[in-house]
Protein chains: 2
Amino acid sequence: MSRTNLSEKACTVARAAEVFGDVWMMMILREMFLGGRRFDALQRQTGAPTASLSTRLKRLESVGVLRRDAYSEHPPRYEYRLTAMGRDLWPIVVSMKAWGDKWMGSGETPVEIIHKTCGHSVTPQMVCPDCHEPMQAHDAEPRLSTAFEQEREAARGKS
Amino acid sequence: MSRTNLSEKACTVARAAEVFGDVWMMMILREMFLGGRRFDALQRQTGAPTASLSTRLKRLESVGVLRRDAYSEHPPRYEYRLTAMGRDLWPIVVSMKAWGDKWMGSGETPVEIIHKTCGHSVTPQMVCPDCHEPMQAHDAEPRLSTAFEQEREAARGKS
DNA sequence: ACTACTGACTTCAATTAGTGAAGTGACCCA
DNA sequence: TGGGTCACTTCACTAATTGAAGTCAGTAGT
């Protein structure tokens with residue numbers, strides 16, 4: 001699907017990007033978190049061409065992000081459901097929504113997130129799991145593993 | 001750049017996806033959060049072809065995610081820096097890293113995130129800003145605005 | 001019995017985007 | 001004079017995407 005091969009890289013962002021670093025992937029995920037299950041619903045709500053949607057769903061299934069279940073044998077009809085792996089993508093979609101609301105939005109948000117346990121409409125926040133303080137880019141410092149450091153060193157040297 | 005026009009959609013995930021719903025965009029962002037500033041460093045560390053990198057950087061600049069500063073007049077040399085808008089993308093990249101580490105990783109993470117204020121190596125977590133409980137997909141319920149609901153209703157009806 | 005419709009797709013030809021390799025321009029260093 | 005760096009652009013080629021149309025297995029209506 002993508003011509004580049006990022007999956008052999010050490011960077012796990014690269015590996016994740018290979019899976020859903022694609023507009024349709026993100027639209028599909030958004031739609032599934034909104035409850036979309038069937039091919040034609042996903043198609044209409046994402047606006048993806050049939051062929052594009054089809055290749056993406058196959059890919060997501062082969063990765064393990066979603067499962068394709070028959071809900072009728074005759075005629076054969078299927079629906080797609082997120083697996084645990086797929087549900088774990090929720091923070092990514094929510095982060096994108098938060099960013100989109102803040103920087104690309106036009107005042108009112110199209111979707112509110114209601115926290116079931118407390119009932120409030122919320123914008124989930126990233127916090128440090130140790131000290132529970134909100135975290136942003138400038139609060140963090142990356143520390144590279146030696147293996148990853150070496151991969152980068154090699155890149156620096158070549159070409 | 002993308003053939004589809006998602007930016008006029010109400011959904012802010014769609015708008016965000018239009019900006020960086022692309023493998024190279026994500027790789028560039030990862031690299032910039034790791035401290036990459038110059039064209040050739042970004043190229044080597046992301047593995048992007050020059051032309052691809054060039055179009056992506058132009059696009060990110062035009063959106064306002066990064067700024068292109070001259071660090072030398074003669075010869076003309078530039079570096080790229082994230083704006084506030086760009087730094088706000090951090091939660092997305094971190095969420096992707098967390099997902100990649102968990103589901104695509106091979107034991108050891110290539111990059112640790114050190115929380116400067118507490119000094120710990122952490123995996124940032126999404127919490128409800130009201131009750132401070134960790135939040136996942138099943139803790140949340142989406143509520144659509146009437147405008148967005150109408151857009152979807154229209155999609156349901158056509159073709 | 002015939003026609004239309006639904007759902008989940010495939011196939012196809014035309015268009016568009018992405019690719020590696022090579023080239024450009026403005027310098028610096030020896 | 002020759003080579004090297006940096007930040008790109010241009011080009012010919014290949015690969016992916018697109019919209020439209022078609023397929024298959026049924027159900028519903030008249």
Side-chain angles (χ1 to χ4, degrees), chain A residues 1-6 14 17-28 31-32 35-62 66-81 155-159, chain B residues 1-6 14 17-28 31-32 35-62 66-81 155-159:
Chain A
M1 184 158 308
S2 61
R3 356 186 178 5
T4 39
N5 193 352
L6 264 32
E18 262 231 315
V19 175
F20 55 92
D22 174 303
V23 181
W24 296 131
M25 291 292 193
M26 293 183 181
M27 293 300 286
I28 291 167
E31 197 48 35
M32 296 201 77
R37 299 268 172 275
R38 299 200 330 253
F39 192 96
D40 78 317
L42 293 172
Q43 179 171 208
R44 282 188 235 276
Q45 298 302 337
T46 60
T50 35
S52 304
L53 181 57
S54 181
T55 60
R56 299 315 187 283
L57 289 172
K58 277 197 213 325
R59 184 151 167 68
L60 289 174
E61 193 194 355
S62 80
L66 49 79
R67 221 177 322 114
R68 184 168 170 270
D69 293 346
Y71 67 88
S72 153
E73 295 289 345
H74 295 289
R77 292 294 143 82
Y78 303 93
E79 60 182 12
Y80 298 89
R81 308 182 149 274
R156 223 164 289 147
K158 66 119 209 178
S159 183
Chain B
M1 182 158 305
S2 62
R3 9 214 164 345
T4 39
N5 193 351
L6 264 31
E18 261 231 316
V19 175
F20 54 92
D22 174 304
V23 181
W24 296 131
M25 292 291 193
M26 292 183 182
M27 293 301 284
I28 292 167
E31 196 49 34
M32 297 202 77
R37 300 268 172 274
R38 300 202 327 255
F39 192 96
D40 78 317
L42 293 172
Q43 178 171 210
R44 281 188 236 276
Q45 298 303 337
T46 60
T50 36
S52 305
L53 181 57
S54 181
T55 59
R56 297 315 187 284
L57 289 172
K58 278 197 214 323
R59 183 151 168 68
L60 289 174
E61 193 194 354
S62 81
L66 49 79
R67 222 175 324 112
R68 184 169 171 270
D69 293 347
Y71 67 88
S72 152
E73 295 289 345
H74 296 287
R77 291 294 144 81
Y78 304 94
E79 59 181 15
Y80 297 89
R81 308 183 149 270
R156 223 164 289 146
K158 66 116 211 180
S159 185

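Every chain is numbered from 1, with letters handed out A, B, ... down the list of sequences. Quick note: numbers below take in every heavy atom, side chains included, and nothing from hydrogens, waters or symmetry partners.
In this structure, the side-chain contact (heavy atoms from CB on, under 4.5 Å) partners of A/Tyr78, at least two apart in sequence or on a different chain, are A/Arg68, A/Ala70, A/Pro76. Residues passing the side-chain hydrogen bond (donor to acceptor under 3.5 Å, both in side chains) test with A/Arg81 are A/Glu79, sequence neighbours excluded. Applying the side-chain hydrogen bond (donor to acceptor under 3.5 Å, both in side chains) criterion to B/Gln45, with sequence neighbours excluded, gives no partner residue. Under the rule for a side-chain hydrogen bond (donor to acceptor under 3.5 Å, both in side chains), the partners of A/Glu31 that lie at least two apart in sequence or sit in another chain are B/Arg152.
Rounding to the nearest 0.5 Å gives a distance of 10.0 Å between CD of B/Glu18 and CE of B/Met25. Rounded to the nearest 0.5 Å, atoms CG (A/Asp22) and CG (A/Leu60) are 9.0 Å apart. Note: B/Leu66 CG to B/Arg37 CZ = 10.5 Å, rounded to the nearest 0.5 Å. Remark: A/Tyr71 OH to A/Arg38 CZ distance equals 4.5 Å, nearest 0.5 Å. Once rounded to the nearest 0.5 Å, the distance linking CE of A/Met27 with CZ of A/Phe20 reads 15.5 Å.
Considering only side-chain N and O atoms, A/Tyr80 lies nowhere under 4.0 angstrom from the phosphate OP1 or OP2 of C/dG7. Regarding contacts with the backbone of D/dA7, a side-chain N or O of B/Tyr71 is found under 4.0 angstrom from either OP1 or OP2. Here A/Arg38 does not reach the OP1 or OP2 of C/dT6: none of its side-chain N or O atoms lies under 4.0 Å away. Taking 4.0 angstrom as the limit, A/Ser52 places none of its side-chain polar atoms (N or O) nearer than this to OP1 or OP2 of D/dT17.
A donor-acceptor distance shorter than 3.5 angstrom exists from the side chain of B/Thr46 to the backbone of B/Leu42, with no hydrogens or angles considered.
When rounded to the nearest whole Å, the span between CG of B/Leu66 and P of D/dA7 equals 14 Å. Going from atom NZ of B/Lys58 over to atom C1' of D/dC8 covers 8 Å, rounded to whole Å. Rounding to whole angstrom units, CG of residue A/Leu57 and P of C/dC9 are separated by 8 Å. Look at CD on A/Gln43: it is 12 Å from P on C/dT10, rounded to the nearest Å. Summarising the geometry, the separation between CZ on B/Arg59 and C1' on C/dG18 is reported as 16 Å, rounded to the nearest angstrom. In this structure, CH2 of B/Trp24 is placed 18 Å from P of C/dA17, rounded to the nearest angstrom. In this entry the distance linking CD of A/Glu61 with P of C/dC9 reads 9 Å, nearest Å. One interatomic measurement links the two molecules: CG of B/Asp40 to P of D/dA7, which rounds to 5 Å at whole-angstrom precision.
Taking only side-chain atoms of A/Arg68, from C-beta outward, the nucleotide of D/dT9, C/dC9, D/dC6 with the closest atom is C/dC9. For A/Ser54, whose side chain is taken as the heavy atoms from C-beta onward, the closest listed nucleotide among D/dC6, C/dT10, C/dG7 is C/dT10. Of the candidate nucleotides C/dG20, C/dA8, C/dG18, C/dG20 has the atom nearest to the side chain of B/Pro49.
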Below 3.5 Å is the cut-off: list the nitrogen or oxygen pairs between protein and nucleotides 21-24 of chain C, distance only.
none

Every protein N/O within reach of nucleotides 23-28 of chain D N/O, cut-off under 3.5 Å:
unit_1, atom_1, unit_2, atom_2, d
D/dG26, OP1, A/His74, ND1, 2.8

